[in-house]
Amino acid sequence: MESDQPSRPDAGTPPPTAGEARAVLDSLDTDAAQLASRLESPWWYNVTLGALVAAAISAQALPGIPGLTVIALVIIWLPFLVQAYSSRYRISMTRPAGPRSRRMLLLILAVLALLMGSGVALKLASMPPWWALVPASAGFVATVLLGRRYDAVLRSEITAPDSPAQR
């Protein structure tokens, strides 16, 4: 048996006026702008991340146990770096906010995978170990520069999520 009573708890209240709805939307826009302003990584974050990436790439040139030790240390330190940033700024930047930031994150991962592979290729080609500094340096620079660009794309997607320029 159906009831004529409204099923929603707020059904008895009148819908908001256009002005009230606009005020709520403006408040949400302000919140998004404030959140986006907090998404700028501090200078030390991308530099430290770049140093860890460079260490992982250059570790490919080290023989046996020392190379594995460096990679293990990088793997251990990465979560600490991300946690330090997240706990200090109360924002996690590891999830893309939209299609542009998703593509940017995939680009960063592809570049770093290519550089990691080139470090392995140098070792397999029996090149002198100092050659690993080339892809390691490129990894450092790519991490810092692309990390800054990722921040900018992420901020733009948060402040204007439905912008046609972001597709």
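Note that the structure is a prediction, hence the values are computed from the model and not measured.
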Nearest heavy-atom neighbours spanning [X] and [Y]:
| X | Y | answer |
| --- | --- | --- |
| Phe140 | Ala51 | CD1-N, 3.5 Å |
| Ala55 | Val74 | CB-CG2, 4.0 Å |
| Ala142 | Val111 | CB-CG1, 4.0 Å |
| Ala132 | Ala61 | CB-CB, 3.4 Å |
| Pro66 | Pro63 | CD-O, 2.9 Å |
| Val70 | Ala59 | CG1-CB, 3.6 Å |

- Student check: side-chain heavy atoms of Val144 and Trp43 closer than 4.5 Å: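 When only atoms from C-beta onward are counted, Trp43 and Val144 do not touch, as no gap falls below 4.5 Å.
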- State whether the side chain of Gln60 and the backbone N or O of Lys123 hold a donor-acceptor pair below 3.5 Å, judged by distance alone.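 It does not hold such a pair.
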Mind checking whether [X] and [Y] sit in one hydrophobic cluster, side chains of I, L, V, M, F, W, Y counted as touching below 4.5 Å?
| X | Y | answer |
| --- | --- | --- |
| Ile76 | Leu52 | yes |
| Leu112 | Leu107 | yes |
| Leu105 | Leu154 | yes |
| Trp44 | Trp77 | yes |
| Met127 | Trp130 | yes |

Distance check, rounded to the nearest 0.5 Å: [X] atom [atom1] versus [Y] atom [atom2]?
| X | Y | atom1 | atom2 | result |
| --- | --- | --- | --- | --- |
| Leu106 | Met104 | CG | CE | 11.0 Å |
| Ser137 | Ile57 | OG | CD1 | 9.0 Å |
| Leu81 | Leu49 | CG | CG | 6.0 Å |
| Ile108 | Ser101 | CD1 | OG | 10.0 Å |
| Arg102 | Tyr150 | CZ | OH | 9.5 Å |
| Asp151 | Leu146 | CG | CG | 11.0 Å |

- Return yes when atom CD1 of Ile65 has more than 12 non-hydrogen atoms of other residues, nucleotides or ligands closer than 6.0 Å, and no otherwise.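 No - once you tally the heavy atoms of other residues, nucleotides and ligands closer than 6.0 Å, there are 12 at most.
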